[in-house]
Amino acid sequence: MWKLLALLIMVMSCWTSMVEAEYFKYKDPKQPMNVRIKDLMKRMTLEEKIGQMTQIDKSVASNEVMKKYFIGSVLSIPLPISYPADEASPKAWIDMVNDYQKGSLSTRLGIPMIYGIDAVHGHNDVYKATIFPHNVGLGVTRQIGAATALEVRATGIRYAFAPCIAVCRDPRWGRCYESYSEDPKIVKLMTEIIPGLQGDIPAGSRKGVPFVGGQTKIAACAKHYLGDGGTHEGIDQGNTIIDAKGLFSIHMPAYYDSIIKGVATIMTSYSSWNGVKMHTNRYLVTDFLKNTLKFRGFVISDFQGLDRITTPIHANYTYSIIASMNAGIDMFMIGFNYTEFIDGLTYLVKKQFIPMSRVDDAVQRILRVKFTMGLFENPLADYSMVKYLGSQEHRNLAREAVRKTLVLLKNGKTTNKPLLPLPKKASKILVAGSHADNLGYQCGGWTIGWQGVSGNNITAVDPRTHVIYNENPSGDFVKSNKFDYAIVVVGELPYAETFGNSVNLTIPEPGPSTIKNVCGSVKCVVVLITGRPVVVQPYVETIDALVAAWLPGTEGQGVTDALFGDYGFTGKLARTWFKSVDQLPMNVGDSHYDPLYPFGFGLLTKA
């Protein structure tokens with residue numbers, strides 16, 4: 001009897017031990033965050049930690065790769081190789097993301113991966129998504145953040161490389177349209193998009209702690225840290241030559257606000273500050289961002305940012321790994337050659353060129369964001385949010401954003417004879433220009449591909465009016481047709497990053513010819529589709545009315561809403577419109593300030 005009882009006690013004891021062994025604190029959502037992080041960290045091998053620090057492109061990812069290398073993150077770069085398929089449906093995106101996630105969950109510790117994408121003006125790489133205006137002309141910012149979060153979640157993705165909080169100080173920069181303004185105060189205000197994307201950080205939260213609130217929200221990424229909009233002559237990825245006072249007063253304020261609002265991640269810039277690459281700048285990344293500002297999310301490199309530390313690119317990868325790790329970067333957007341990075345970092349840690357404490361700092365930060373996002377509890381996406389992609393509510397919001405960001409620069413050749421709003425009952429009008437009926441041009445770069453596309457989809461005027469469309473009419477054609485007035489829509493072709501760098505900032509042909517042929521023969525309004533101020537002074541006298549429409553996105557009907565008076569023009573310039581490129585850089589407050597249209601300028605009309 002006693003032997004049987006002892007045996008039962010022994011079995012019970014073993015069973016209890018097994019149950020206790022199966023309990024992992026890091027898997028228990030009731031445990032405090034730091035307890036979960038600490039518990040998981042102590043279980044992880046070096047291989048698993050370095051895997052967490054590695055972000056790879058979708059084109060080289062697979063269920064097996066996730067499992068074998070313990071990959072912490074996958075991204076889709078804005079190129080077709082990184083999409084599930086051409087014109088992929090939301091369900092195709094979800095299935096792809098879930099397949100990679102299942103690979104991660106099947107590993108020894110089951111640490112979920114985080115999937116990231118460039119959603120810089122809406123979910124811009126996804127077919128049929130709502131494309132909002134680019135940051136260069138953007139109102140109703142918070143609501144756009146919330147709508148973008150829903151559309152990103154509709155495809156199973158939980159992380160967006162947005163917002164760009166660059167302060168563009170020179171429109172020759174090819175990424176100026178990604179910047180809200182030349183004025184740091186306006187850019188700081190626009191960080192309100194972060195609670196739109198992530199949710200409102202709870203009152204009383206510790207400063208610097210990341211926050212992502214629930215299934216309708218995504219992790220955001222403030223970028224590009226720091227000074228990307230201030231490079232010499234606006235050269236993309238160039239050198240920002242400025243003293244510390246200038247750097248901190250112009251380029252840093254929006255980061256203060258982003259951190260207070262709980263931004264989950266911050267991306268380092270390709271650019272340099274006074275000759276020091278930001279990807280290697282320990283003072284700004286570790287000493288200031290992490291230690292002084294108490295940022296507790298993770299710092300991510302830009303795409304192949306390690307390779308670009310050296311000239312030529314990828315010349316000394318070992319040095320690049322050491323320098324960027326020492327600077328304080330936590331997750332590395334490697335892209336394709338991930339085994340080279342994993343092997344290199346592993347070797348450098350094992351040989352004590354990089355301290356284990358630096359690896360642990362990076363992994364703790366990555367895990368903190370993943371726990372905050374609820375990835376451990378809800379790692380897989382379902383189809384319940386597909387309905388939000390391109391919803392009518394979001395399209396209406398985008399149309400409202402277009403209306404609010406239009407800036408009326410001229411209205412009539414004399415102030416007492418305004419041309420706008422245009423009469424709807426005109427007998428015959430001309431619509432001209434390369435951008436009048438081209439959705440791709442109106443969206444700009446970072447839209448269904450990195451550099452943008454051309455394509456025809458929307459009408460530019462009220463359908464009840466007799467409209468003749470001629471992309472580039474001759475002067476004789478215009479004169480012979482006796483139009484009541486003309487709408488000329490011209491501007492820049494789509495571009496992104498370095499491809500947008502411009503030394504002359506002119507409107508490409510046939511834009512200037514179209515303006516000359518049309519506006520020299522009939523009353524005309526010129527609508528500019530550009531990512532920045534461009535040279536217009538030579539044409540202003542010829543033009544009756546001039547509208548800066550920036551890059552309005554898919555809902556270009558917002559332009560006609562204002563042209564025809566359904567809504568009034570209310571927008572003001574968030575950046576200076578120069579007379580000549582010889583004046584650049586020229587920003588409000590400069591001693592040589594002599595603009596064509598000053599910062600804050602914008603004529604008003606009533607609906």
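Values in this document were obtained by computation on a predicted structure and should not be read as measured data.
A salt bridge is absent between K128 and E87: the closest approach of a Lys/Arg side-chain nitrogen to an acidic carboxylate oxygen does not fall below 4.0 angstrom. A salt bridge links D170 with R172; the closest basic N to acidic carboxylate O contact falls under 4.0 Å. Of the charged side-chain nitrogens involved, at least one lies within less than 4.0 Å of a carboxylate oxygen, so that D330 and K290 count as a salt-bridged pair. Residues R532 and E492 are paired through a salt bridge, judged by an N-O separation under 4.0 Å between the basic side chain and the carboxylate.
Contact of the T339 side chain with the Y69 side chain is registered, since non-hydrogen atoms from C-beta on lie closer than 4.5 Å. At least one side-chain heavy atom of K58 sits less than 4.5 Å from a side-chain heavy atom of Y115. Side-chain contact between V65 and S62: present, with at least one pair of heavy atoms (C-beta onward) separated by less than 4.5 Å. T54 is listed as a side-chain neighbour of I56, based on a closest heavy-atom distance under 4.5 Å. Between D307 and S320, the closest side-chain pair of non-hydrogen atoms is not below 4.5 Å. Looking only at side-chain heavy atoms (C-beta outward), M44 and L367 come within less than 4.5 Å of each other.
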Acceptor/donor pairs from residues 194-201 side chains to any protein atom, 3.5 angstrom cut, sequence neighbours excluded:
from: Q198; atom 1: OE1; to: A220; atom 2: N; distance (Å): 2.9
from: Q198; atom 1: OE1; to: A264; atom 2: N; distance (Å): 3.0
from: Q198; atom 1: NE2; to: F211; atom 2: O; distance (Å): 2.9
from: Q198; atom 1: NE2; to: G262; atom 2: O; distance (Å): 2.8
from: D200; atom 1: OD1; to: R142; atom 2: NH2; distance (Å): 2.8
from: D200; atom 1: OD2; to: R142; atom 2: NH2; distance (Å): 2.5

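The side-chain hydrogen bond (donor to acceptor under 3.5 Å, both in side chains) pairs that include a residue from residues 364-384 are R36-E377, Q52-K370, D95-Y383, D361-R365, D382-S384, where partners are two or more places apart or lie in different chains.
Less than 6.0 angstrom separates the ring centroid of F288 from the ring centroid of F248. Checked against the 6.0 Å centroid threshold, Y177 and Y495 count as a close aromatic pair.
No side-chain donor from either of D228 and S269 sits under 3.5 Å from a side-chain acceptor of the other.
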Item to check | Pair F353-Y319, ring pair (Phe, Tyr, Trp, His ring centres under 6.0 Å): steps then yes or no | outcome: CA-CA 10 Å; F353 290 102; Y319 164 76; over 10 Å; no
Item to check | Worked verdict on H121 versus F132 for ring pair (Phe, Tyr, Trp, His ring centres under 6.0 Å) | outcome: CA-CA 5 Å; H121 60 138; F132 293 96; 8.7 Å; no
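Taking the ring axis of Y270 as reference, the NZ or CZ atom of R308 stays within 45° of it and closer than 6.0 Å to the ring centre.
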